[in-house]
Amino acid sequence: MRISVDRSLCEIHGECTFIAPQVFALNDSGDLEYAEDATGGDSEMVRDAAMACPAQAIRLEP
Ligand code: SF4
């Protein structure tokens, strides 16, 4: 699964980093970093993170 975040929408709420910490993280500067691919069990958490994102900024492609 390919992951992308629309940074024009992302407001750094951080929900995704709690739900899928293997994929999303805030760096020391407070910016969002994320893996661009997820497989297996991570994919399920990434879907949950995308649904929970208040800004609906997470885009997923199979
Ligand atoms: S939950 Fe959405 S708005 Fe918040 S940091 Fe993650 S992608 Fe950005």
Side-chain angles (χ1 to χ4, degrees):
M1 169 190 290
R2 297 278 299 164
I3 304 163
S4 62
V5 174
D6 185 337
R7 292 186 183 275
S8 70
L9 295 175
C10 173
E11 296 169 342
I12 315 289
H13 293 289
E15 275 87 338
C16 58
T17 68
F18 294 112
I19 295 170
Q22 299 91 329
V23 174
F24 300 96
L26 298 181
N27 66 20
D28 291 343
S29 303
D31 294 324
L32 181 68
E33 294 181 349
Y34 60 96
E36 295 187 348
D37 278 300
T39 55
D42 285 352
S43 301
E44 199 60 40
M45 280 184 276
V46 169
R47 281 193 204 94
D48 289 345
M51 284 196 289
C53 173
Q56 302 204 326
I58 302 172
R59 305 270 180 262
L60 305 177
E61 292 174 35

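Order of appearance sets the numbers: ligands from 1, and atoms from 1 within every ligand. Along the sequence shown, the residues carry numbers beginning at 1.
- Atoms of ligand 1 found under 4.0 Å from any heavy atom of Ile58 (numbered from 1 in listed order, with element): 7 (S).
- Minimum heavy-atom separation, Leu60 to Ala50: CD1-CB, 3.9 Å.
- Side-chain contact check for Leu32 versus Arg7: some heavy-atom pair is nearer than 4.5 Å.
- With rounding to the nearest 0.5 Å, the separation of CE in Met51 from CD1 in Ile58 is 11.0 Å.
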*Derivation of the side-chain contact (heavy atoms from CB on, under 4.5 Å) call for Met1 and Val46*: CA-CA 9 Å; Met1 169 190 290; Val46 169; 3.9 Å; yes

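- The protein heavy-atom contact nearest to atom 2 (Fe) of ligand 1 is Cys53 SG, 2.2 Å.
- Less than 4.0 angstrom separates some heavy atom of Gly14 from each of these atoms of ligand 1: 4 (Fe), 5 (S).
- Asp6 and Ser8 are linked by a side-chain donor-acceptor pair at a separation below 3.5 angstrom, with hydrogens and angles left out of the test.
- Shown in contact with Glu11 at under 4.0 Å from a heavy atom are these atoms of ligand 1, numbered in order with element: 3 (S).
- The Cys10 neighbourhood of ligand 1 comprises atoms 3 (S), 5 (S), 7 (S), 8 (Fe), with distances under 4.0 Å to a heavy atom of that residue.
- With a 4.0 Å cut-off on non-hydrogen atoms, Leu9 does not touch ligand 1 at all.
- At a cut-off of 2.8 Å, Cys16 is counted among the residues with an N, O or S atom near atom 6 (Fe) of ligand 1.
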What pairs of donor and acceptor atoms, side-chain ones from residues 13-26 against any protein atom, are under 3.5 angstrom apart with sequence neighbours left out?
from	atom 1	to	atom 2	distance (Å)
His13	NE2	Glu11	OE1	2.8
Thr17	OG1	Gly14	O	2.6

